[in-house]
Amino acid sequence: MFGINDRAARTTWTVFLVLLAVAIVYSIKETLFLFIISLLFAYLLWPLVNILNRRLPGKSRNLALAIVYVIVIGLLFFGLFEIGSQVAAEAGALLNRLPDLLAKLQHPPPAAAEHPNSLKYTVLAELQRLVSEHSQQIISAIPHLAVKAVSAARDLIFVVLVPILAFFFLKDGDQMEELILGLFPEGFRRKQLQEIGADLHVMLAQYVRALVVLAAIAFGAYAAFFSLIGVPYAILLAAIDFPLEFIPIVGPFVAFVIIMLVAALSGFHHLLVLLAFIGLFRLAQDYMMQPHIMSAEMTMHPLIIIFGVLAGAEIGGVLGSFISIPALAVLRIVYLHLRKRRVVLTREVIAPPRL
């Protein structure tokens, strides 16, 4: 009709709907990120909730949730009180010294040139060159960073919303699953959706637990070793590395750069020892511990991980980088299930009829 091909019209309409869905998702990305973070936090607590739910009399899930939340709040309070106070003190001391450290780099003492072949001299010389080229931008950026920190503090309401939303995911997760499956009639599509959901459930639970375990190991190792060899601001540097461990490859590298810069600026004399320790730890963490902790579904080529992290950062900043890897893993699981179904259908079509 009117010279319009029906197939082309259906294809155009499908493309339009897909683009409209992408535009809607992008426009509400902050809300989606909040729900995704809440879901991942729920997966972190889910094993403990299930264990308590099975052992409590009457299998009261609400009571198990209450006990878990009391434990989590207690641990967070202890961590913020014991570790957070020291981190805040070291951060304040570093910020107070930062202008003096930058001034020393702009006008280094003669002793800095005594050993031109040393690692410390090389790092300091490179820092001096960068600071001399961008000194005004660095100094003028300090007040802006403080303003950003204050504005970020206003978004603490999202930190409060995460455990609240996670509570509802844990409490009513089974009902939500039944509601979604109820949208599909009985048959293969519903069965396939159940299989995909089961694989995603296992993958996300393993991924979140693995991230927390690996980040905790890194924090403990860095804090202990930095304190042992006398690295300035040891707990602060370990605390900076902890959240960056949640961003594969890129996060640990950024933490490494920050640690080396702060140590060099603070006049630490054993940069080579520090460099060797971080290198050995990354080898052990990334190639020995991580493969044993991470599930097979999360195993990806480093180029894919870097692309996902950078693309996630372009779309959603830090949160986008954080959820990029599980998002790629979800797409991979869905693709594998669809390919498996296509193979099955192909075999059914070409298989000879039975006599």
Side-chain angles (χ1 to χ4, degrees), residues 33 36-38 40-41 43-45 71-95 145 148-149 152-153 155-156 158-160 162-163 166 206-229 231-263 266 268 274-275 277-290 292-294 298 305 309 312-313 317-326:
F33 285 152
I36 292 173
I37 297 299
S38 303
L40 295 178
F41 184 73
Y43 270 112
L44 178 62
L45 304 181
I71 295 174
V72 170
I73 292 174
L75 291 176
L76 289 176
F77 177 80
F78 174 80
L80 291 175
F81 181 77
E82 294 293 332
I83 301 176
S85 58
Q86 187 171 353
V87 169
E90 292 185 358
L94 178 60
L95 288 176
L145 292 176
K148 288 185 178 181
D155 297 331
L156 288 178
F158 293 103
V159 178
V160 178
V162 166
Q206 292 179 349
Y207 176 69
V208 174
R209 292 198 299 270
L211 281 183
V212 173
V213 170
L214 292 172
I217 292 174
F219 173 80
Y222 281 10
F225 186 80
F226 293 172
S227 301
L228 180 64
I229 66 173
V231 178
Y233 317 107
I235 306 300
L236 172 63
L237 295 178
I240 291 174
D241 176 77
F242 181 81
L244 291 174
E245 290 288 334
F246 288 84
I247 303 176
I249 298 178
V250 177
F253 177 75
V254 172
F256 162 75
V257 173
I258 294 174
I259 291 169
M260 295 300 296
L261 286 177
V262 172
S266 304
F268 184 64
L274 183 61
L275 178 63
F277 169 78
I278 295 178
L280 292 175
F281 177 80
R282 294 316 320 174
L283 289 175
Q285 176 96 317
D286 298 336
Y287 296 99
M288 295 177 62
M289 289 181 284
Q290 183 171 315
H292 290 286
I293 297 177
M294 286 287 189
M298 300 305 304
I305 293 177
V309 170
V318 177
L319 289 178
S321 300
F322 171 66
I323 68 172
S324 60
I325 304 306

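Computed from a predicted structure; not experimentally measured.
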Notebook entry, point to check: When rounded to the nearest 0.5 angstrom, what is the spacing between CG in L45 and CG in L40?
Noted result: 11.5 Å
Note to self: Let me confirm one number: the CD1-CG distance from I259 to L244, rounded to the nearest 0.5 Å.
What the structure shows: 9.0 Å
Could you tell me which non-hydrogen atom of [X] sits nearest to which non-hydrogen atom of [Y], and how far apart they are?
{"X": "V162", "Y": "S38", "value": "CA-OG, 3.4 Å"}
{"X": "L274", "Y": "A263", "value": "CD2-CB, 3.7 Å"}
{"X": "F281", "Y": "A221", "value": "CE1-CB, 3.6 Å"}
{"X": "F242", "Y": "A216", "value": "CE1-N, 3.7 Å"}

Margin query: Could you work out, with side-chain contact (heavy atoms from CB on, under 4.5 Å) as the rule, every residue matching A239, not counting sequence neighbours?
Written below: V87, F219
Check: Under the side-chain contact (heavy atoms from CB on, under 4.5 Å) criterion, do V212 and F246 qualify, and how do the steps go?
Finding: CA-CA 8 Å; V212 173; F246 288 84; 4.2 Å; yes
Student check: side-chain heavy atoms of [X] and [Y] closer than 4.5 Å:
{"X": "L237", "Y": "Y222", "value": "no"}
{"X": "F256", "Y": "L275", "value": "yes"}
{"X": "V262", "Y": "P232", "value": "no"}

Notebook entry, point to check: Mind checking what makes ring-ring contact (aromatic ring centres under 6.0 Å, His included) contact with F41, not counting sequence neighbours?
Noted result: none
Next item on the list: Report the residues that fulfil ring-ring contact (aromatic ring centres under 6.0 Å, His included) with F225, sequence neighbours left out, ordered by chain and then residue number.
Entry: F277
Item checked: Listed once per pair and sorted, the salt bridge (Lys or Arg N to Asp or Glu O under 4.0 Å) pairs that draw on residues 235-261, sequence neighbours left out -> E245-R282
Checklist line | salt bridge (Lys or Arg N to Asp or Glu O under 4.0 Å) contacts touching residues 207-218 (sequence neighbours left out) | finding: none
